[in-house]
Amino acid sequence: MTGVKAPLQQAVAQALEALGVDEPPPIEIQETPPNQPGDYGTPVAFRLARLLRKAPPQIATELAEKMHPPEGVVRVEVAGGYVNFFLDPAWLTPAALQPVAPAPKQGGKVLVEHTSVNPNKELHVGHLRNVALGDAIARILDFAGRQVEVLNYIDDTGRQSAESLFALEHYGLAYDGSKKYDHWVGDAYVRLHREMEDGEAKARLEPAIRAVLHRLEAGELRGEVEKLLAAQLETMWSLNAEYDVLVWESDIMREGLLKKALELLEQTPYTSRPTEGKYAGALVMDTSAFIEGMEDPYLVLLRSDGTATYTAKDIAFQFWKMGLLSGLRFRPFTRQPSGRELYTSHPEGTPMPFGGAQETINVIDVRQSYPQQVLKVALEAVGRHDLAEGAYHLAYETVLLEGRPLSGRKGHTVSVDEVLEEAVRRARAVIAEKNPGLENADAVARMVGIGAVRFAMVKTEPKKQIDFRWEQALSFEGDAAPYLQYAHARAASIMRKAEAEGLASDEPDFSRATPYEVELAKALLRFEESVQKSAELKTPHVLAQYLLDLAAAWNAYYNAKEDGKPATPVLTAEEGLRGLRLALVAQVKRTVATGLELLGIAAPEAM
RNA sequence: GCGCCCGUAGCUCAGUUGGAUAGAGCGUCGGCCUCCGGAGCCGAAGGCCACAGGUUCGAAUCCUGUCGGGCGCACCA
């Protein structure tokens, strides 16, 4: 609730009390639609109709009569059953100029895991959505006052890594630097899969792949994996995504976390080791107490050959995240572009206070919904309902490429590096056309191109499927990041000129505010709510949509005309009015820049 | 078969504790640079909010069913 709505809400609450309403319903304060009287209003009278056995308009009228209008309200008017408030522009506009600052820290730690791509080949557009979503939600939660830890899981003991490393060995390849390392390894991986399409070849190669897998589990090939990881990190960094800590699956295994997790589970009545039937010899968990309607509620944790399933490892990891297990050791891994240190779990590290969160957000696509649900079941099984509640799966739908599902094997895929390169190239071409004299054109092209790609990934609801189409994702017009960046650059340009002309310290005269200023101020006032809602719903799209709204309001303000003449000039306005307008422009600039930053997108001063 | 998600303008999408006349972008048509940046702005056309019931003063929003589409239901990761 922003500073403007809160006093209105309070005034309504007091009026309700005066009317003798003991248990008031929630009081919603909303902006009045265009062509309706007032600036803000409440439909609360409708909710009371039944309780008070009166018609809403009558209740609204009585409410208005009992109301002591708070500061800034010049008139209270009833329209239909709504109670509407008219605000004094001289009060409303300064209210919109509050600093755009992060909320004070509160609540426990929230741990965001995202990216977590297999260290075996380059990132493709499917990973793009994961990184963009995860990084944005981490930034938003941090701004909204949460203590956030960002984690990237390195599945270094997986089948896919083993296959990639085996392929290098199998084909006797030596890196020649001709392409980015992760792409080069990826090529070998694809080549191996082509060879293994032949079932006979597959069977023949299997023992050697298993041997690599064992070496990975023993941590022998860590250096190889790190080389690949380093190449992948370059891609994440170019997207403007950073992390606090990497956790390696092999470390989880080595430190015995899996064993400890299974011990915890084995103390509960939900696990068993059947001696006959299809699960003979395995360790299984019965999920029927927590998931209804399962045909077969048994879930294998340890196979009958004694090896752990992926799910079991994931449970151990989730237990560690939520502080049920400890034992991992850490040390610095590398310094990221912003200067933020990246840590990693490591056998030779020391204990550090990572993990142990009350709340986790796992950014993983929707196809993992069942395994993610199993994590909650495991937490419930060990009696930690509170932690199960705090484990959130940020499920996003898959990304299509030009209308068809991505397929690495069929070659229907595009790497993130390719997408970014193309986006930057196109942005550079637009700059060459529209602003040929721009100084740092290459740097700005990166901001615009990468921003466009990231924004395309977060502007829609995560649970909706995205169709990645070049023309759309790299569009520099309309509903896209460049629209926001342009709005910012335009505001920046005015501020530069004001500075140059010595107008920057002009005192605002709020009494000069017109309906144009009021409209813009209302748009600015929605920022805080949109960030909070984004954080609460754990989706950046709310903020992204708001920013489009704000930029549209600003562009409309900028272009407003009366009788064919500019209605809202800033620099050439009379003194006090100019000060007011400059203050609003500065606030627009700050707000757009902050919003973009929360989405991991840069805001150029000129473009 | 069972379970989860989706269905809003020609296309891509906003619209969430149920609120006033359902909004953008792209595309189409028509305007706006003697003015602080035209990557912009203003206007027009375009809607049975998949369909049928129900709850409610009020439903795109909640409930039931139907029809379409996606995904998940391994001792794979």
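Note on naming: letters A, B, ... go to the chains in the order of the sequence lines (proteins, then strands), and numbering restarts at 1 for each one. Being a predicted model, the structure only gives us computed values, none of them experimental.
When each of A/Ala79 and A/Gln160 is assigned the nucleotide of RNA chain B bearing its nearest heavy atom, the one mapping closer to the 5' terminus is A/Ala79. Each of A/Pro37 and A/Asp155 lies near RNA chain B, and the nucleotide nearest A/Pro37 is the one positioned closer to the 5' end.
As rounded to whole Å, 14 Å separates atom C1' of B/A77 from atom CD1 of A/Ile209. Per the geometry, CG belonging to A/Asp365 stands 16 Å off P belonging to B/C5, to the nearest Å. One interatomic measurement links the two molecules: CD of A/Gln372 to C1' of B/A77, which rounds to 14 Å at whole-angstrom precision. Straight-line distance from the CG atom of A/Leu474 to the P atom of B/C26: 16 Å, rounded to whole Å. Rounded to a whole Å, the CG atom of A/Leu400 is 15 Å from the P atom of B/G69. At whole-Å resolution of the value, CD in A/Glu471 and P in B/G27 are 11 Å apart. Distance, A/Trp554 CH2 to B/C41 P: 12 Å, rounded to whole Å. Following rounding to the nearest Å, A/Ile315 (CD1) and B/A77 (P) show an atom-to-atom distance of 14 Å.
The residues A/Lys533 and A/Glu536 are annotated as not salt-bridged, no charged nitrogen and carboxylate oxygen being separated by less than 4.0 angstrom. Classification of A/Arg159 and A/Glu163 as a salt-bridged pair holds, one side-chain N sitting under 4.0 Å from a carboxylate O. Ion pairing between a basic and an acidic side chain is recognised when a charged N comes within 4.0 Å of a carboxylate O; A/Arg526 and A/Glu529 show no such pairing. Look at A/Lys565 and A/Asp563 and you find no salt bridge, because none of the NZ, NE, NH1 or NH2 atoms lies under 4.0 Å from a carboxylate O. Using a cut-off of 4.0 Å between Lys/Arg side-chain N and Asp/Glu carboxylate O, A/Arg129 and A/Asp365 are scored as not salt-bridged. The existence of a salt bridge linking A/Glu197 and A/Lys202 is excluded, since no basic side-chain nitrogen approaches an acidic carboxylate oxygen closer than 4.0 Å. Electrostatic pairing of A/Glu574 and A/Arg578 does not count as a salt bridge here, judged by no charged N lying under 4.0 Å from a carboxylate O.
No contact: A/Asp314 has no heavy atom under 4.0 Å from any strand. At the heavy-atom level, A/Ala556 lies under 4.0 Å from the strands shown only through sugar-phosphate atoms. Among the heavy atoms of the strands lying under 4.0 Å from A/Arg50 are primed sugar atoms or P, OP1, OP2 only; no base atom is included. A/Thr32 comes within contact range of at least one nucleobase, with a heavy-atom separation under 4.0 Å. Residue-level contact check: A/Ala280 touches the bases, meaning some heavy atom is under 4.0 Å from a base atom. Residue A/Gly80 is classed as having no contact, given no heavy-atom separation below 4.0 Å to the nucleic acid. A/Pro56 comes within contact range of no nucleotide atom at all, as no heavy-atom separation falls under 4.0 Å. Among the protein residues, A/Asp549 comes within range of no part of the nucleic acid, since none of its heavy atoms lies under 4.0 Å from any strand.
Comparing the C1' positions of B/C49 and B/G15 gives an interatomic distance of 11 Å, to the nearest angstrom. Comparing B/C29 with B/U34, their P atoms are spaced 24 Å from each other, to the whole Å. A gap of 29 Å separates the C1' atoms of B/G23 and B/C33, to the nearest Å. For B/A50 and B/A39, the P atoms lie 37 Å apart once the distance is rounded to whole Å. Remark: the separation of the C1' atoms in B/A22 and B/U16 is 15 Å, to the nearest Å. B/A24 and B/G46: their C1' atoms are spaced 14 Å apart (whole Å). Nucleotides B/G43 and B/G7 have their P atoms positioned 29 Å apart, rounded to a whole Å. Distance noted for atom C1' between B/G30 and B/C63: 47 Å (whole Å).
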For this session: Could you go through the side chain to side chain donor-acceptor pair (under 3.5 Å) check for A/Asn84 and A/Thr32 one step at a time?
Result: CA-CA 8 Å; A/Asn84 292 336; A/Thr32 55; over 6 Å; no
Problem set entry | Derivation of the ring-ring contact (aromatic ring centres under 6.0 Å, His included) call for A/Tyr82 and A/Phe46 | CA-CA 8 Å; A/Tyr82 292 87; A/Phe46 290 97; 5.1 Å; yes
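For A/Lys463 and B/C5, the shortest distance from a side-chain N or O to OP1 or OP2 is not below 4.0 Å.
Under a 3.5 Å cut-off, the side chain of A/Lys459 and the backbone N or O of A/Ala544 do not form any donor-acceptor pair.
Ring planes of A/His193 and A/Tyr189: tilted class, angle from 30 to 60°.
The side chain of A/Asn555 approaches B/C41 more closely than any other nucleotide in the set B/C41, B/G19, B/A77.
Residue pairs meeting the ring-ring contact (aromatic ring centres under 6.0 Å, His included) criterion with at least one member in residues 282-305 of chain A, sequence neighbours excluded: A/Tyr270-A/Phe290.
Both tests pass for A/Arg490 against the ring of A/Tyr558: distance under 6.0 Å to the centre and angle within 45° of the axis.
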For this session: Could you provide the dot-bracket string of RNA chain B, using ( ) for intrastrand pairs, [ ] for crossing pairs and | for bases paired to another strand, with Watson-Crick or G-U pairs below 3.5 Å?
Result: (((((((..((((.....[...)))).(((((.......))))).....(((((..]....))))))))))))....
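When the side-chain hydrogen bond (donor to acceptor under 3.5 Å, both in side chains) test is applied to A/Tyr557, the partners found at least two apart in sequence or on another chain are A/Glu517, A/Arg581.
Counted by atom type alone, A/Glu249 and A/Thr157 present one or more donor-acceptor pairs between their side chains at under 3.5 Å. In this structure, a donor-acceptor pair under 3.5 Å is present between the side chains of A/Asn555 and A/Tyr483.
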Taking N or O atoms only and anything under 3.5 Å, show me the protein contacts with nucleotides 35-39 of chain B, one pair per line.
unit_1: B/C36; atom_1: O2; unit_2: A/Val570; atom_2: N; d: 3.3
unit_1: B/C36; atom_1: O2; unit_2: A/Leu571; atom_2: N; d: 2.9
unit_1: B/C36; atom_1: N3; unit_2: A/Val570; atom_2: N; d: 2.8
unit_1: B/C36; atom_1: N4; unit_2: A/Thr568; atom_2: O; d: 2.8
unit_1: B/G37; atom_1: OP1; unit_2: A/Ser493; atom_2: OG; d: 2.8
unit_1: B/G37; atom_1: OP2; unit_2: A/Lys497; atom_2: NZ; d: 3.0
unit_1: B/G37; atom_1: O2'; unit_2: A/Tyr486; atom_2: OH; d: 2.6
unit_1: B/G37; atom_1: O2'; unit_2: A/Arg490; atom_2: NE; d: 3.0
unit_1: B/G37; atom_1: N7; unit_2: A/Ser493; atom_2: OG; d: 3.4
unit_1: B/G37; atom_1: O6; unit_2: A/Met607; atom_2: N; d: 3.1
unit_1: B/G37; atom_1: N1; unit_2: A/Met607; atom_2: O; d: 2.8
unit_1: B/G37; atom_1: N2; unit_2: A/Met607; atom_2: O; d: 3.1
unit_1: B/G38; atom_1: OP2; unit_2: A/Arg490; atom_2: NH2; d: 2.5
unit_1: B/A39; atom_1: OP1; unit_2: A/Tyr486; atom_2: OH; d: 3.3
unit_1: B/A39; atom_1: OP2; unit_2: A/Lys434; atom_2: NZ; d: 2.9

Close N/O contacts between protein and nucleotides 12-15 of chain B (under 3.5 Å):
unit_1: B/U12; atom_1: O2'; unit_2: A/Gln472; atom_2: NE2; d: 3.2
unit_1: B/C13; atom_1: OP1; unit_2: A/Gln465; atom_2: O; d: 3.2
unit_1: B/A14; atom_1: OP1; unit_2: A/Glu461; atom_2: N; d: 2.6
unit_1: B/A14; atom_1: OP2; unit_2: A/Lys464; atom_2: NZ; d: 2.6
unit_1: B/G15; atom_1: OP1; unit_2: A/His541; atom_2: NE2; d: 2.9

At a cut-off of 3.5 Å, list every protein nitrogen or oxygen paired with a nitrogen or oxygen from nucleotides 72-74 of chain B, distance to 0.1 Å.
none

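A syn orientation is assigned to B/C33, its glycosidic angle lying within 90° of 0.
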